[in-house]
Amino acid sequence: MAACSVEALLAKAEQEEAEKLKSISVQKELDLEFDIGNLLACDRNRVESRDFREQKKEDFLRALARDNTQLLVNEIWKQPPERVEEAIVVKLPDPTTPLPREKPPPKPKPPTKWEEFAKLKGIQKKKKTNLVWDETAKEWRRRWGYKRAKDDTKDWLIEVPETADPNEDQFAKRVKAKKERVAKNELNRLRNIARAQKIKVPGVGLTPVAQQSKDDLARAVNVARSSTASVGRFQDRLPKEKPPRNMGKKRKFEPLIGDFSGEKQKQLELLKTMGNKKPKMDITKAVNKQMREEDREEAAAKYKKGGAGKRGRKGNMSGKGKGKGKGARGKVGRGGGGGGGGGGKKRAKPGKR
């Protein structure tokens, strides 16, 4: 019994070792179709349903995947190898199977204004090296970014030019100039995007137009008047000049120190409104609203009645003549009768007979 168990264990161990060290040669009835560029292998061999039923599904699929992967690896290593540092690699050829894209390919970006100018003038783009020699530090440094060469932000002393104001802060002037350059680059970037999308190019302030309307001229005059140290408070107005419209209202705040009784009254009214369960009714506002509604209804009814009367009179004037007698323009007496082509009787004014 002991000998049989030992032999069985040895046979099992040999079988497991053989499964681990399978041969790299795999036999197939039909050769696989390979696309090395996409690392793709297509197996067109027939799957026997009997083998699939007798074995476990997972074991059968695992063995089939192992054989096809081994054939794909063998095909890959048929390509010419290369040595990169201490590793041996294989350069894959171009793929032959076209694969569909999830999204459409990106459209080429439209050229910027500078690229169009460079193409027109034939200016070729020259690639610059990333490192340049810094004479101050006596070492190679980056051309841009952190720890760049010729970094003027690290200067602790700046020479004042002869034409500049001696009391002017040169460090603040340099920082301001850099901020202006950054803002200008950002504006140019936005303009390039707007030009590429064929939308209106954003402007700054009051941009000139071909034909300025009356409102544009009034707005320009108001902006020019308010561009003073006193914000236009002491600027004289032109004769017969109307005040500007739609220019916004300046907010007014209560003084911090002043009449505390008014502030107390406002706070008490606010608390009273919040604590009152029933909404407060404004009698004057309600009466005015009701009067406006009545006036509106009366005007609508009058308009409808007047329109119907005009249509009726228009149809009955076909048989009347056009006379120019005294009855049409003269005074009407007590009897009310007049000659000519006038109409019916008219009431005389009181006091005249």
### Set of residues satisfying side chain to side chain contact (heavy atoms under 4.5 Å, CB included) with respect to Lys173, sequence neighbours excluded
Glu168, Gln170
### Query
Can you list the residues that meet the side chain to side chain contact (heavy atoms under 4.5 Å, CB included) rule with Gln124, with sequence neighbours excluded?
none
Heavy-atom distance under 4.5 Å between the side chains of [X] and [Y], does that happen here?
X: Glu29; Y: Arg46; result: no
X: Arg62; Y: Asp59; result: yes
X: Gln265; Y: Glu269; result: yes
X: Leu64; Y: Asp43; result: yes

With [X] via side-chain hydrogen bond (donor to acceptor under 3.5 Å, both in side chains) - residues at least two apart:
X: Glu263; answer: none
X: Arg296; answer: Glu293
X: Glu33; answer: Arg44
X: Asp35; answer: Asn38, Thr96, Thr97

Which pair of heavy atoms, one from [X] and one from [Y], lies closest together, and at what distance?
X: Arg174; Y: Asp155; value: NH1-OD2, 3.5 Å
X: Pro166; Y: Val160; value: CA-CG1, 4.4 Å
X: Arg142; Y: Val132; value: O-CG2, 4.3 Å

Determine whether more than 12 heavy atoms belonging to other residues, nucleotides or ligands lie under 6.0 Å from atom [atom1] of [X].
X: Glu294; atom1: CD; answer: yes
X: Arg101; atom1: CZ; answer: yes
X: Glu159; atom1: CD; answer: no
X: Arg148; atom1: CZ; answer: yes
X: Lys289; atom1: NZ; answer: no

### Task
Among residues two or more places apart or on two chains, list those pairs meeting ring-ring contact (aromatic ring centres under 6.0 Å, His included) that have a residue in residues 138-182.
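Of all non-adjacent pairs touching residues 138-182, those that pass ring-ring contact (aromatic ring centres under 6.0 Å, His included) are Trp133-Trp140.
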### Residue pairs, two or more places apart or on separate chains, that pass ring-ring contact (aromatic ring centres under 6.0 Å, His included) and touch residues 81-116
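Matches after skipping sequence neighbours: Trp114-Phe117.
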Give every donor-acceptor pair under 3.5 Å between a side-chain atom in residues 71-83 and any protein atom, sequence neighbours left out.
from	atom 1	to	atom 2	distance (Å)
Asn74	OD1	Gln70	NE2	2.9
Asn74	ND2	Ile24	O	2.9
Asn74	ND2	Gln70	O	3.2
Glu75	OE1	Lys78	NZ	3.4

### Task
Quick one: name the residues clustered hydrophobically with Phe234, using the 4.5 Å side-chain heavy-atom rule over I, L, V, M, F, W, Y, and just say none if it's on its own.
none
### Message
Through direct or indirect side-chain contacts below 4.5 angstrom among Ile, Leu, Val, Met, Phe, Trp and Tyr, which residues connect to Val175?
### Response
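Same cluster as Val175: nobody, lone residue.
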Side-chain donor-acceptor distances from residues 179-188 under 3.5 Å, at least two apart:
from	atom 1	to	atom 2	distance (Å)
Asn185	ND2	Arg181	O	3.3
Glu186	OE1	Arg189	NE	3.3
Glu186	OE2	Arg189	NH2	2.6
Asn188	ND2	Lys184	O	3.3

Inter-residue atom distance [X].[atom1] - [Y].[atom2], 0.5 Å rounding:
X: Arg219; Y: Asn222; atom1: CZ; atom2: CG; answer: 9.5 Å
X: Lys138; Y: Thr136; atom1: NZ; atom2: OG1; answer: 8.0 Å
X: Gln235; Y: Ser226; atom1: CD; atom2: OG; answer: 9.5 Å

### Task
Please step through salt bridge (charged side-chain N to carboxylate O under 4.0 Å, His left out) for the pair Arg141 and Asp151, ending with a clear verdict.
CA-CA 10 Å; Arg141 288 192 174 185; Asp151 188 4; over 6 Å; no
